Amino acid sequence: GESVGLHLPTLSVQEGDNSIINCAYSNSASDYFIWYKQESGKGPQFIIDIRSNMDKRQGQRVTVLLNKTVKHLSLQIAATQPGDSAVYFCAEKSGGYQKVTFGTGTKLQVIP
Amino acid sequence: EAQVTQNPRYLITVTGKKLTVTCSQNMNHEYMSWYRQDPGLGLRQIYYSMNVEVTDKGDVPEGYKVSRKEKRNFPLILESPSPNQTSLYFCASSDLSGGNEKLFFGSGTQLSVL
């Protein structure tokens, strides 16, 4: 929704460049991590996930990197396009599925 | 089309007037959940349900109720809404099978309590 953009860190990227969105997670016991994309006026949409026994996973134009040592997660978007403009959330899960914690989000602005 | 449907999309109400936000999914998912989204706070879980007749509190359950009488429906009930419940609400579902734990979200309900 429209209010999501307030108080969010913003990353501005030129169209065609690569984007890197970072996320620090809080729980060293988290075993599953997900990135979601939220466009204005829409609900979050799954992009890519990674389990704690991996440190890298690639999708179509997106790569997620996991560094468990420093509890850091990043989302890399190759050849960023205007349609990539959105708010991106990381989420972590520990134990049972009921406990999924979302980050506060990063707004990606693509400059044409 | 596989989807999670929330209604209404926008709702303005007054303090104390009971309301229900409906959520329905057509993917036969066991897991359903409600979140509220506020500026600077991200998505916070209100209630979740692992299956029919099984519900439990999330991180911010105060002032809300839910029910899960059928697998596809998971309504969110505000018995006596207050202004601090003004927020953007999302329903989500997941099938939890085979390690597939990604959430499918509805389009959201923007609630204003005056």
Side-chain angles (χ1 to χ4, degrees), chain A residues 1-10 21-27 30-54 57 59 62 64 73 75 86-107, chain B residues 2-6 9-11 23 25 27 29-51 54-61 66 86-112:
Chain A
E2 291 75 11
S3 64
V4 170
L6 296 178
H7 315 302
L8 287 176
T10 300
I21 300 171
N22 297 303
C23 176
Y25 65 92
S26 57
N27 188 348
S30 292
D31 57 3
Y32 178 62
F33 304 88
I34 318 106
W35 279 100
Y36 289 93
K37 171 186 180 182
Q38 186 176 21
E39 296 175 273
S40 182
K42 297 183 179 179
Q45 182 180 14
F46 172 88
I47 302 173
I48 192 168
D49 58 0
I50 188 168
R51 298 200 175 274
S52 58
N53 60 354
M54 303 171 67
R57 190 165 189 218
V62 294
V64 55
L73 195 66
L75 176 70
V87 176
Y88 290 81
F89 294 94
C90 64
E92 59 182 296
K93 181 186 80 70
S94 58
Y97 191 78
Q98 56 269 29
K99 191 56 183 171
V100 175
T101 303
F102 287 84
T104 53
T106 297
K107 184 175 183 179
Chain B
Q3 59 185 359
V4 177
T5 304
Q6 292 178 232
R9 184 74 176 87
Y10 299 95
L11 180 58
C23 175
Q25 50 94 4
M27 295 169 280
H29 285 170
E30 291 90 2
Y31 180 90
M32 297 186 75
S33 183
W34 277 102
Y35 297 86
R36 60 178 289 173
Q37 187 174 42
D38 302 288
L41 296 177
L43 286 155
R44 293 181 292 166
Q45 190 178 52
I46 303 171
Y47 268 94
Y48 65 92
S49 170
M50 298 296 286
N51 214 323
V54 180
T55 63
D56 211 340
K57 296 177 181 179
D59 295 320
V60 288
V66 292
T86 292
S87 187
L88 179 59
Y89 291 86
F90 288 101
C91 180
S93 72
S94 176
D95 69 6
L96 301 184
S97 63
N100 181 15
E101 299 176 74
K102 64 183 181 185
L103 289 165
F104 291 82
F105 284 86
S107 296
T109 296
Q110 181 66 61
L111 172 65
S112 295

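Below, chains carry the letters A, B, ... as their sequence lines are ordered, and counting in each starts from 1. As the structure is a computational prediction, the values presented were derived from the model and not from experiment.
- Considering NZ of Lys102(B) and CD1 of Ile48(A), their distance stands at 11.0 Å, rounded to 0.5 Å.
- For the pair Pro44(A) and Leu43(B), the tightest heavy-atom approach, listed with the atom from each and the gap, is CG-CD1, 3.9 Å.
- Residue contact with chain A, scored on non-hydrogen atoms closer than 4.5 Å, involves the backbone of Leu41(B) exclusively.
- Two residues are said to be in side-chain contact when any heavy atoms from C-beta on lie closer than 4.5 Å; Leu103(B) and Tyr36(A) meet this criterion.
- Residue Asp59(B) touches chain A through its side chain alone, counting heavy-atom pairs closer than 4.5 Å.
- Taking all atoms of both residues into account, the shortest heavy-atom contact from Gln38(A) to Gln37(B) is OE1-NE2, 2.9 Å.
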